[in-house]
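Let me begin by presenting the structure, written as structure tokens, before commenting on it.
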Amino acid sequence: MSDLCRRSAHELARLIRIREVKPSEVMQAHLERIAFREPVLGAFQHLDADRAMDRALAADNRQSDGPLHGVPFVIKDIIDTDDMPTGWGSDLYSNRQPVMNAACVQMLLDVGAIPIGKTVTTEFAYFRPGKTANPHNPGHTPGGSSSGSAAAVADFMAPLAFGSQTAASLIRPAAYCGVYGFRPTIHGYPLSGVMGLSPSLDTLGVLARHPYDLALTDAVLRGIESPQQARFEDSLPRISLMRGPHWMDGSIEMRDTCTRAMSAIAAAGSESGEIAHPAILADLTAAHHTVLGYEAARLRLDEFEKGLPAISPQFHALIEAGLKISEADYQHALILRDRAGLVLEQIFGDTDALLVPSAPGSAPVGLEATGDPLFSRMWNLLQIPSIAIPFGTDQNGLPLGIQLVAPKGYDARLLDIAQWVSNILNPLG
């Protein structure tokens with residue numbers, strides 16, 4: 001594997017900027033990696049190597065377009081592209097060709113990034129898996145629904161990827177594949193041209209192998225100047241472990257990973273501790289089910305009415321159950337969310353970020369399912385920013401990790417904290 005494939009997005013951008021390498025050399029390295037590994041992993045739904053190389057060759061002869069000039073990226077196949085089909089992981093839309101790029105895609109194109117292809121998603125970003133396997137062991141799931149994006153980044157096919165999250169669709173695959181995944185505050189990034197499932201929950205996100213790449217892409221998507229590398233000379237971030245209502249539903253390895261990470265953070269000088277979860281959080285997973293089911297049933301009713309076998313039994317069951325949820329139950333779930341959010345605001349008065357589990361454990365065996373979204377449902381319902389940070393492996397060499405969450409709107413602060421934490425947990429990363 002070329003050393004260029006191991007480089008982070010910001011490193012590649014720097015090398016291109018100082019003319020140490022050309023965009024076409026970077027692209028060639030990644031395309032060779034894809035040709036070698038794609039038959040094993042199945043990360044791509046659509047790949048046009050010739051077009052990607054043509055774009056890179058054109059970038060060779062241009063002045064820099066911006067902070068990601070010449071950097072390859074991949075796009076989850078629920079996000080529109082004007083030159084590649086966007087099928088939403090569904091047999092119904094396998095030949096769907098948008099006429100415009102999604103806003104997020106266009107924003108990366110405008111700063112010089114180069115798309116390689118579209119990555120596999122679960123059907124309608126829900127539960128039916130695609131073909132993608134885990135790069136650390138192809139007999140295990142990569143998670144979902146951003147399965148292809150997480151696998152492609154983890155396996156050095158691309159340094160950056162777009163994913164999305166409605167339940168745990170970005171944080172869980174990031175954890176299972178051992179990469180960083182950032183889900184911003186709800187509506188933090190533009191959703192124009194991104195397939196919708198649940199308006200109260202849908203959020204665009206980014207996956208990368210380096211936390212600064214997330215901050216750099218965040219700046220691009222918000223139209224602000226590139227961020228500085230995070231520094232905390234004056235006061236270290238306050239980080240607190242919150243085991244949460246489902247702590248004992250996770251594996252022993254998961255619990256050990258979180259406590260070891262917390263110990264390392266405390267040893268580095270952070271004003272750290274443990275905060276008991278408020279009782280109201282115990283009801284949020286059920287509330288998330290209610291909100292997702294109710295909204296998905298009304299947003300995706302057309303696909304439901306087209307019926308089986310055009311849609312999977314899993315998606316059919318989601319819509320069928322969602323149509324039975326009453327307006328009163330839906331409103332009750334939203335009220336519960338808002339009350340819990342107020343309680344959490346008070347907790348964040350005493351800490352900058354909470355350290356919580358990112359997944360029940362390492363990636364489960366088999367490709368028939370994508371794993372349990374349990375440990376992200378409540379945070380996604382609360383609409384607050386979260387980030388998956390890899391940390392260690394299980395006894396079989398599969399990745400483990402943690403999740404950090406912060407108050408609504410504190411996205412930049414969370415990205416800074418994640419860089420600081422990563423320097424402690426993954427000092428070579």
Side-chain angles (χ1 to χ4, degrees), residues 1-38 41 43-44 46-75 81 83-84 104-119 135 148-162 177-180 182 206-221 225-230 419 422-423 426-429:
M1 177 171 57
S2 168
D3 180 62
L4 290 175
C5 293
R6 296 187 180 276
R7 301 279 187 159
S8 65
H10 69 275
E11 288 175 326
L12 290 171
R14 182 185 67 83
L15 292 174
I16 291 169
R17 186 167 57 252
I18 64 175
R19 299 186 180 277
E20 188 167 322
V21 297
K22 296 179 179 180
S24 60
E25 294 171 331
V26 173
M27 182 61 70
Q28 183 62 36
H30 285 87
L31 291 175
E32 288 176 359
R33 178 65 178 175
I34 292 167
F36 176 60
R37 290 288 287 169
E38 175 64 7
L41 296 188
F44 283 87
H46 181 85
L47 175 66
D48 189 339
D50 290 340
R51 184 168 181 80
M53 181 53 73
D54 286 345
R55 286 178 181 265
L57 288 168
D60 286 350
N61 301 313
R62 286 201 313 272
Q63 293 294 321
S64 174
D65 294 317
L68 291 174
H69 181 77
V71 175
F73 72 105
V74 295
I75 306 160
T81 45
D83 58 352
M84 293 180 281
C104 61
V105 172
Q106 191 60 51
M107 292 176 85
L108 258 64
L109 291 173
D110 289 345
V111 297
I114 303 174
I116 300 177
K118 307 298 287 292
T119 51
S149 288
V153 169
D155 204 60
F156 308 100
M157 295 176 173
L160 277 179
F162 276 130
C177 292
V179 298
Y180 294 85
F182 178 59
V206 183
L207 299 115
R209 293 188 305 274
H210 194 289
Y212 183 71
D213 289 351
L214 301 180
L216 180 59
T217 309
D218 178 81
V220 169
L221 293 172
E225 290 186 11
S226 297
Q228 300 296 314
Q229 294 279 359
Q419 291 180 63
S422 179
N423 287 334
N426 306 303
L428 298 179

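Throughout, residue positions are numbered sequentially from 1 according to the sequence presented.
Side-chain contact between P211 and F182 is absent, with no heavy atoms from C-beta onward closer than 4.5 Å. Under the 4.5 Å side-chain criterion, counting only non-hydrogen atoms from C-beta, V153 is not in contact with C177. At least one side-chain heavy atom of F156 sits under 4.5 Å from a side-chain heavy atom of R209. A heavy-atom distance below 4.5 Å is not found between the side chains of L216 and L160. Side chains of M157 and L41 form a contact here, defined as non-hydrogen atoms less than 4.5 Å apart. Side-chain contact between M84 and P115 is present, with at least one heavy-atom pair separated by less than 4.5 Å.
For T119 (side chain) and F44 (main-chain N/O), no donor-acceptor pair under 3.5 Å exists by modelled atom type. The backbone N or O of A9 sits nowhere less than 3.5 Å from a side-chain atom of H210 that would complete a donor-acceptor pair. The closest donor-acceptor contact from the side chain of D213 to the backbone of A208 lies at 3.5 Å or more, if one exists at all.
For residues 25-37, the set of pairs meeting the salt bridge (Lys or Arg N to Asp or Glu O under 4.0 Å) definition, not counting sequence neighbours, comprises R33-D155, R37-D155. Counting only residues at least two apart or on different chains, the salt bridge (Lys or Arg N to Asp or Glu O under 4.0 Å) pairs with a member in residues 7-23 are D3-R7.
Scanning all heavy atoms of the two residues, the minimum distance from A49 to L31 falls at O-CD1, 3.7 Å. Closest of all the heavy-atom pairs between S8 and P159 is C-CB, 4.3 Å. A56 and I114 get closest at one heavy-atom pair: CA-CD1, 3.6 Å. Scanning both residues, M27 and P72, for their nearest heavy atoms gives CE-CB, 4.1 Å. Nearest approach of A29 to C5, heavy atoms of both residues: O-SG, 3.3 Å. Heavy-atom minimum distance, A52 versus I116: CB-CA, 4.2 Å.
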Review point. After noting the C-alpha distance and the side-chain angles of Y180 and L207, does the key distance pass the side-chain contact (heavy atoms from CB on, under 4.5 Å) rule?
Key: CA-CA 6 Å; Y180 294 85; L207 299 115; over 6 Å; no

Point to revise | Check against side-chain contact (heavy atoms from CB on, under 4.5 Å), L12 and H30 | key: CA-CA 12 Å; L12 290 171; H30 285 87; 4.0 Å; yes

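The only member of D48, D50, D83 that meets side-chain hydrogen bond (donor to acceptor under 3.5 Å, both in side chains) when paired with R55 is D83.
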Return all side-chain donor-acceptor pairs below 3.5 angstrom for residues 106-113, not counting sequence neighbours, or 'none' if the list is empty.
residue, atom, partner, partner atom, Å
Q106, OE1, N101, ND2, 3.0
Q106, NE2, D110, OD1, 2.9

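From S64, atom OG reaches atom CD1 of I16 across 9.0 Å, with rounding to the nearest 0.5 Å.
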